[in-house]
Participant: 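Before I ask anything, let me first share the structure, which is written out below as structure tokens.
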Amino acid sequence: MKQHLITDIKTNKNILGCYFMTVQNLGKFAKQIYLKGRNEMEKTGNPIMKAHSSEVEPEMFRVLTPDGEIIETIDGKIDKSLMLKMYESMLLLRTFDRKSINLQRQGRIGTYAPFEGQEASQAGSALALAAGDWMFPTYRDHGAAIIHGQELYRVFLYWMAHFDGSICPEGKRLLPPSVPIATQMLHAVGTAWASKIKGEKNVSIAYFGDGATSEGDFHEALNFAGVYKTPTIFFCQNNGYAISVPFEKQSASKTISQRAAAYDIHGVRVDGNDIFAVWMTVKEAVERALKGEGPTLIEAITFRYGAHTTADNPNIYRDQDEISTFWRENRDPITRLRKYLNKEGHWNEEQEELVLKQFNELIDAHLKKAEGYPKSDPLEMFNHVYAEESWHLKEQKQELNQFLKKGGKK
Amino acid sequence: MKQHLITDIKTNKNILGCYFMTVQNLGKFAKQIYLKGRNEMEKTGNPIMKAHSSEVEPEMFRVLTPDGEIIETIDGKIDKSLMLKMYESMLLLRTFDRKSINLQRQGRIGTYAPFEGQEASQAGSALALAAGDWMFPTYRDHGAAIIHGQELYRVFLYWMAHFDGSICPEGKRLLPPSVPIATQMLHAVGTAWASKIKGEKNVSIAYFGDGATSEGDFHEALNFAGVYKTPTIFFCQNNGYAISVPFEKQSASKTISQRAAAYDIHGVRVDGNDIFAVWMTVKEAVERALKGEGPTLIEAITFRYGAHTTADNPNIYRDQDEISTFWRENRDPITRLRKYLNKEGHWNEEQEELVLKQFNELIDAHLKKAEGYPKSDPLEMFNHVYAEESWHLKEQKQELNQFLKKGGKK
Amino acid sequence: MMGKNLTMLQAITEALDQMLGNDDRVMILGEDIGVNGGVFRSTEGLYEKYGNDRVVDTPLAESGIIGSAIGLALNGMLPIVEIQFLAFIYPGFEQLVSHAARMRYRTRGQFGVPLVIRTPYGAGIRGPELHSESVETFFAHTPGLKVVAPSNPYDAKGLLISALEDPDPVIFWNRLNCIGLLRKKFPTKCTEYQSVKQKWSRRKRSDHFCMGAMLREALNATKKIEAEKGWKCEVVDLRTLYPLDRDTIVQSIKKTGRALIVHEAHKTAGLGAEIISIINDEALIYLKAPIKRVTGFDVPVPPFTIEDHYLPTVDRVKQGIVETISF
Amino acid sequence: MMGKNLTMLQAITEALDQMLGNDDRVMILGEDIGVNGGVFRSTEGLYEKYGNDRVVDTPLAESGIIGSAIGLALNGMLPIVEIQFLAFIYPGFEQLVSHAARMRYRTRGQFGVPLVIRTPYGAGIRGPELHSESVETFFAHTPGLKVVAPSNPYDAKGLLISALEDPDPVIFWNRLNCIGLLRKKFPTKCTEYQSVKQKWSRRKRSDHFCMGAMLREALNATKKIEAEKGWKCEVVDLRTLYPLDRDTIVQSIKKTGRALIVHEAHKTAGLGAEIISIINDEALIYLKAPIKRVTGFDVPVPPFTIEDHYLPTVDRVKQGIVETISF
Ligand SMILES: Cc1ncc(C[n+]2csc(CCOP(=O)(O)OP(=O)(O)O)c2C)c(N)n1
Ligand SMILES: Cc1ncc(C[n+]2csc(CCOP(=O)(O)OP(=O)(O)O)c2C)c(N)n1
Ligand SMILES: [Mg+2]
Ligand SMILES: [Mg+2]
């Protein structure tokens, strides 16, 4: 199945994207998944449909089923130590995310964008990257950023609205969360293009959501990447909603991966809650990119259990309980890997407890660091507007400084 | 063949766009065209390839071959009187276009964008519209505008940089040429959407070039039209070049029509130099639109023989002679229809001469009207900025008026 | 109907409701404005009441929204577009500047674009970057557009209705922290409205100019100055940012010979500069002191922990008044 | 090398050539700038000399061009982007304003965007609408950007090289009718350049301010005034539009107490307003007359048959000088 999904469309001239097959054409495993998907949906009044707006869920690449079974060859690709790393990464992210929501409720951080439910997409993709790869996250992808090397206290600082929350560790190629939707996709084209020119063996990955696919920049980025065959990975987390707007209102197209065909680039639809499948897909995209075969558009099907941000109330626009419960019970990325690891004897309750304890301590330590971090000085707002301060900013800084010295109130 | 090309993709779930078939899958007529295309190319060192950047020319819908033979059923659709109208329309446009280039050389009009070679696309599409349909042309589509009812003297006025050159006949729904590339596509979505809301049986057609397909607005327009199923026709004249940039530098995609699949809307690739094929394709798109079946993206393969504008020198960026000669000799839209009409006994030399004489007289009369038209008054620049003139414009108008009265020079 | 107390937000929703109810041609388009009732809840209940053909959740694409709204307007509809935050208008900037603002001009009055673009602006919601912009200059430098920025519910309702009645594109700004988010009620009766066409922006009160939400800072500062020093100031609330209400500006300056301008936009090339220039043109000889600008600094709006230092605060306005009067 | 006479256009091509030759990181990106040598021929011969990896014909998508150039700059390249005409920068406005201008600020100096955007501006080529814009205000109101507008070949070459050496995004404007299109040669030696970093815009000559191509109108008008009335004027050529060269402006006004500002952009919220405001701040008491603005009107630039009536002409500038001096 995987080979099919990741086949270069150019060798399949009469089918624009073979990941977009009907059930008749599916291989054995794919058929199983497909039927499983239908069963799941029928059981619960079709909540995936609600989240992802298809009468029949279009095909996607899956390796690890929600029951913790492996239906693809992973030998030589994912070994035990990587599995444990994947599992622990997701656990860390979930712990961090829940903590952050609590901190927001306590007023210790500002409005926060949670990602619980999307851990496999974020951790799986980030783990498939090399240290020197360029990463362009959105406001919801601090999970991926953390796995790529961002420090936890910096993430807290970001949500505390501290200037220094947008800095990444020295030498890392990790840009601050992009706020204007879809814009960062072009930056990932540009950095990848530069890597190619310089002969540097690095890819650039841009994260974005299903909503982002409606923006013109999505189109321009995919098109440029196709023309210059840049080593760019376009990683879409299709969580079914852009704030309150379901994907069916976003586009008449059933999938996002099918858009790859519009640019004659490579496209894959993958179960975004299956960290094995995500990792393998991104890994393969990285390899293709480094071999000079150009960009890949990846659509990872996932769901965020919580609100768009802590300022949002999802009950207004969706049956939050039913749909979240369905996903938690049937599609959770962590549960499914835990089931598998348990079965294989790679993981047990004690390990889980121990690791969770360590993560909680780690997160607390970072929180402490963030809360103890010197506050942003108001005068800092004049720094880094330009590399060299211009006369007008010198004067305005001086003006504010004098005002503050005289005890002027903000 | 036609049925194939215009089949709704939704009934063909495993093939995203069946107009994008390989030769193996083609029907009898299509195969003929395909082989003919290859022969043409081989004869001439493959200039279509140069113009349209494909190793093998992708399939397209054709009715009337360059030799003047009909390979599709046109009965009940295109009758003799329509054929003659088509022929005369193209003749009028070519005569107008050549005249305009001469007028530019004589300094009687400003920089001009010629369309010779694209007459079948422009006339064929415009003739398939109803009088009340909305048209959004670009700077190169005054051919289509004329057929839709724009008066020749207005077109002259436009290229003479007269304010009144952007006005269309009372009651017509014909917008001025859009200068910023691809932007007008969204207007055609909006007007069509309004028609749908109001229950008015009209379509909106947007003209654009191959270069326009790279802009974000192209994507947003197709996506919006797909979501709201607006009765919009996106009519792309793929003339192979955006000024100097060949389509192969514009995108890695081989065709433009394949992009329809990205939005699950209807897409067709048609021989843009075959007025029967263009007319039938647009007519069918109109019918689909009015039946509520939504938008159609049409890629009409064509070529402009001349320069991008009279300010451009194509010799710098393409083998202008070879490529134009090839298209003129092998693909000309007028020649091929004339061949057919001659064969059928519908048209002869005398008729041609007579009509050409009439057209020349008509054009001269309109030119005279345009040249005799009262010049734009400088003070007019203050009109129509707003429906009601605001204080600052009143004053500025007054200021300029006084300046001019005192004999102030511009 | 008299005596109703409405927040800015309620006034806006009421106006929208009224307009949708009165005229079938009115449509609202935007992101999350339907089922969700808008991220600021300013369209709450309207989707339920008027349906998804009148109150439309669009795809996430601002050029798409503004561009198709232009088309809707060309063909007889009266679209009201909500852009979620002012900075997110940028992807649609070309549609606005190159088309909405020019269609009437280009067609010599044949086709107008009666379009209202409603967008919250300014700092105050304590979100991430680009949620706090105040770039009125971009629009005030674009002939063909009108820009209004009400400071209170009464004006908001009136200006919004007037904007819709206007045959040309009008950008309607809600200052974020006036919108009801901070739950401050304005004790203003708000059952009728004043036509902007008649009186594009007057609302004088008591030598400085300010706009939109800056009115609050200005009024607070002048109250304090009056209490502390006994100086009386006149405050001019410029409800219309483009075209500016020159007569009111000039009248005021002629009375006092001094002025302070308060706006939260960046100083350089901010609208304050145009106001100073108008005074220079019309009333230079009346000036007793340079006109001071208390504005946002020429830096991107900083993160919200120090955002208030970026903004013109009551204290900075007070200092400005003292400097202007003591000159 | 001394004594070479170059047109504006030749000076630009020479600078580009020199930069491509000196530094492998330099790339030029834009529409029709490769094989075609640019619609104004300013990149003529460079594609042949440096190949299509260094001189890149891009797809027709300005957001794509500016956005990917930002990425190139983040990763060590030095992209020079050509936007075919100023109005066509609008589709890329978000990339410019929300990203290029803010990346250094956002990352606290970690990632800068050393990007040059070169675009012709202003009227004069007699093309269709939107080929004549002069909207410097949009960029001069955007902290993080720098804007330069040379009036002659010498400055053009110097400013272009300085722009590329600048670690921040610089918008470099060619006035269209200075670019060599009208085949006017400037008899200026042009073998070295002055760093913008040292002297962001000075070039005074002989009480009014103007920029870019308006220098010609200004100089012609002052020459005539001198001949007719014997009045001597100083002309300040503001090569740098953002940040503005305040000291030069203030010095000049202190000498004479009068000023006339000439720009072709719309009057309202044009850069002239900021210059008046700077004078108001720093030199109000020196003023002997209101500062006049001779500018483009607040209307879309009209079709080229009457475009010259929109523009500040020598006659309008002369009238402005007379009014200012007779006040
Ligand atoms: C250009 C732009 N328009 C609007 C917004 C406001 N906004 C922030 S997040 C969001 C929804 C994004 O949805 P999606 O791309 O699916 O990502 P998700 O939040 O689901 O991860 C919107 C509309 C924005 N940030 N930028
Ligand atoms: C937004 C924008 N960018 C650039 C231009 C300059 N320009 C005018 S025509 C053109 C090429 C258009 O090519 P295409 O869409 O193929 O249409 P054609 O001229 O071939 O008919 C360009 C780049 C423009 N008018 N608008
Ligand atoms: Mg989403
Ligand atoms: Mg073309």
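Values below: all heavy atoms of this structure, side chains included; hydrogens, waters and symmetry mates excluded. A quick note: this is a predicted structure, and the numbers were derived from the prediction, not measured. Proteins come first, then strands; the chains are lettered A, B, ... in the order of their sequence lines, and each starts at number 1.
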Participant: What part of D/P302 gets within 4.5 angstrom of chain C, counting heavy atoms only: side chain, backbone, both, or neither?
Facilitator: both
Participant: Under a 4.5 Å heavy-atom cut-off, does chain C meet the side chain of D/A283, its backbone, both or neither?
Facilitator: neither
Participant: Taking D/H309 for the side chain and D/E307 for the main chain, is one N or O donor matched with an acceptor at less than 3.5 Å?
Facilitator: no
Participant: For the interface with chain C, which of D/I276, D/I285, D/D298, D/T268 has the highest count of heavy-atom pairs at distances below 4.5 Å?
Facilitator: D/T268
Participant: Report which part of D/L287 has an atom under 4.5 Å of a heavy atom belonging to chain C: side chain, backbone, both, or neither.
Facilitator: side chain
Participant: Is the closest basic N to carboxylate O distance between C/E274 and D/R293 below 4.0 Å?
Facilitator: yes
Participant: At a heavy-atom distance under 4.5 Å, which candidate from C/R106, C/K292, C/K267, C/E62 has the highest pair count against chain D?
Facilitator: C/R106
Participant: In terms of heavy-atom pairs under 4.5 Å, which option from D/H141, D/Q95, D/E129 contacts chain C the most?
Facilitator: D/H141
Participant: Do D/T119 side-chain atoms and D/L86 backbone N/O form a donor-acceptor pair below 3.5 Å?
Facilitator: yes
Participant: Pick whichever of D/G270, D/A87, D/G144 has the most heavy-atom pairs under 4.5 Å with chain C.
Facilitator: D/G270
Participant: As a quick check of understanding, evaluate side chain to side chain donor-acceptor pair (under 3.5 Å) for D/H266 and D/Y310, giving each step before the final call.
Facilitator: CA-CA 9 Å; D/H266 311 304; D/Y310 165 86; 3.1 Å; yes
Participant: Taking all non-hydrogen atoms of both residues into account, name the closest pair between C/A265 and C/T295 and its distance.
Facilitator: O-CB, 3.5 Å
Participant: For chain C, find which of D/V135, D/L284, D/I89 contributes the most heavy-atom pairs closer than 4.5 angstrom.
Facilitator: D/L284
Participant: Give the minimum heavy-atom separation between D/S252 and D/V236, together with the two atoms involved.
Facilitator: OG-CG2, 3.9 Å
Participant: Let me know if D/E133 has heavy atoms under 4.5 Å from chain C in its side chain, its backbone, both or neither.
Facilitator: side chain
Participant: Measure distances from D/T142 to the heavy atoms of chain C and classify the residue's part below 4.5 Å as side chain, backbone, both or neither.
Facilitator: side chain
Participant: Below 4.5 Å, heavy atoms only, C-beta onward: do D/D281 and D/V250 meet side chain to side chain?
Facilitator: no
Participant: Are side-chain N/O atoms of D/N280 and D/S277 paired as donor and acceptor at under 3.5 Å?
Facilitator: no
Participant: Chain C heavy atoms under 4.5 Å from D/Y105: which part of the residue, side chain, backbone, both or neither?
Facilitator: side chain
Participant: Would you mind checking if D/D308 and D/R126 are paired as a salt bridge, meaning a charged N to carboxylate O distance below 4.0 Å?
Facilitator: yes
Participant: Please rank D/P300, D/P290, D/P303, D/S63 by heavy-atom pairs under 4.5 Å with chain C and give me the top one.
Facilitator: D/P300
Participant: Considering only heavy atoms, which portion of D/V299 lies under 4.5 Å from any heavy atom of chain C: side chain, backbone, both, or neither?
Facilitator: both
